[in-house]
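A, B, ... follow the sequence lines: proteins, then strands. Residue 1 opens every chain. Computed from heavy atoms alone, side chains included, the values below leave out hydrogens, waters and symmetry copies. Predicted model, so just to flag it, every value in this text is computed and none were measured.
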2 protein chains.
Amino acid sequence: MCEAMDGWRDQGFTSADCPVRDVVDHLGDKWSTLILSLLFIGSKRFGVLRRSVPDISQRMLTQTLRDLQRDGLIERQVFPTKPPSVEYSLSPLGMSLQGPLNALIAWAVDHHGAIRAARAAYDQADAA
Amino acid sequence: MCEAMDGWRDQGFTSADCPVRDVVDHLGDKWSTLILSLLFIGSKRFGVLRRSVPDISQRMLTQTLRDLQRDGLIERQVFPTKPPSVEYSLSPLGMSLQGPLNALIAWAVDHHGAIRAARAAYDQADAA
DNA sequence: CCGCATCCATCTGGATACTG
DNA sequence: CAGTATCCAGATGGATGCGG
């Protein structure tokens, strides 16, 4: 893995501390990217996030937020009101991810059609 | 999910045809990003890829390559030599992904330390 | 050399119900 | 409102052996 990437800028990471894995593995889980893109817009309360992503379970929302917080990408602020409310916002580190991630999302939107077309062509080919 | 993203440029995709999912879900699988980054450098034979990524199983390499091919990101060329050889290379679509993806990878490398530090701090906090 | 098939351990994530 | 706990189906992915 990383030992193979010295073609561009790897400096000898082992598999275990490969930075690509650290980041990509996280974006890979089903919800992280989505939650991040919502927080790019602005801070949000738990319930707002929940309603913004209709098909996420409460369990997964909590877990995703915890993971993002653990990685220092988002911050969690508890208001001891009654009933309590919790607000999530982007940390400076999280904000620095906004540019690269949005570039990728923009690519996804732009090339969405091409991907779906390629997929359809491929699937049709092996049906024949 | 997608219905929540109109803050930036969504135009009303449903969950099913959400472009973010189409792309990110793929980058999320354990090997796609890594294989793509290798092919950014240049076309490679199956065996070369296998050796470049020591801890991938043959099964996963084949599967990953198939998925990328299905999405039209890479091309597969078989040389009917004896023994046969197969070469994989980036398609034009795949090349268009290089910029955004490398931006993300660069971010990962740059902020790798910060992430690991945040993670360590978080883990230490709940040990206390 | 390249790839498929099978078997199997593990992980992910959804449903549901319950606490402060 | 926000979060936790339990249970469980399905996906992911590794090991191995066979075939062109």
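When heavy atoms are screened at a 4.0 angstrom cut-off, A/Lys82 is found touching no nucleic acid atom at all.
You'll find the side chain of B/Leu61 stays beyond 4.5 Å of the side chain of B/Trp31, heavy atoms only. Proximity of B/Glu75 to B/Pro92: side-chain heavy atoms (C-beta onward) are separated by under 4.5 Å at one or more points.
Rounded to whole Å, the distance from CG on A/Asp25 to P on D/dT12 is 14 Å. When rounded to the nearest whole Å, the span between CZ of B/Arg45 and P of C/dC1 equals 8 Å. Atom C1' of nucleotide D/dA11 and atom CH2 of B/Trp31 are separated by 17 Å, given to the nearest angstrom. Atom CG of B/Asp67 and atom P of D/dA11 are 14 Å apart (whole Å). Look at NZ on B/Lys30: it is 14 Å from C1' on C/dT12, rounded to the nearest Å. If you take CG of A/Leu49 and P of D/dG3, they are 10 Å apart, rounded to a whole angstrom. At whole-Å resolution of the value, CG in A/Asp29 and C1' in C/dG14 are 15 Å apart. Atom C1' of nucleotide C/dC4 and atom CG of B/Leu61 are separated by 13 Å, given to the nearest angstrom.
Using a 4.0 Å cut-off, no side-chain N or O of A/Tyr88 falls inside it from OP1 or OP2 of D/dC1. Remark: B/Arg66 is in phosphate contact with C/dC4, judged by side-chain N or O atoms under 4.0 Å from OP1 or OP2. OP1 and OP2 of C/dG3 both lie 4.0 Å or more from every side-chain N or O belonging to B/Thr62.
Using a 4.0 Å cut-off between charged side-chain N and carboxylate O, B/Asp123 and A/Arg70 make a salt bridge.
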I'd like a list of close polar pairs between nucleotides 5-11 of chain C and the protein, N/O only, cut-off under 3.5 Å.
| residue | atom | partner | partner atom | Å |
| --- | --- | --- | --- | --- |
| C/dT6 | O4 | B/Arg59 | NE | 3.3 |

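Side chains of B/Asp67 and B/His26: no donor on one and acceptor on the other come within 3.5 Å.
Rounded to 10 degrees, the angle separating the terminal helix axes of the helix from C/dC1-D/dG20 to C/dG20-D/dC1, each built from five base pairs, is 40°.
Taking 3.5 Å as the limit, the base of D/dG3 and the side chain of A/Gln58 contain a donor-acceptor pair of atoms between them.
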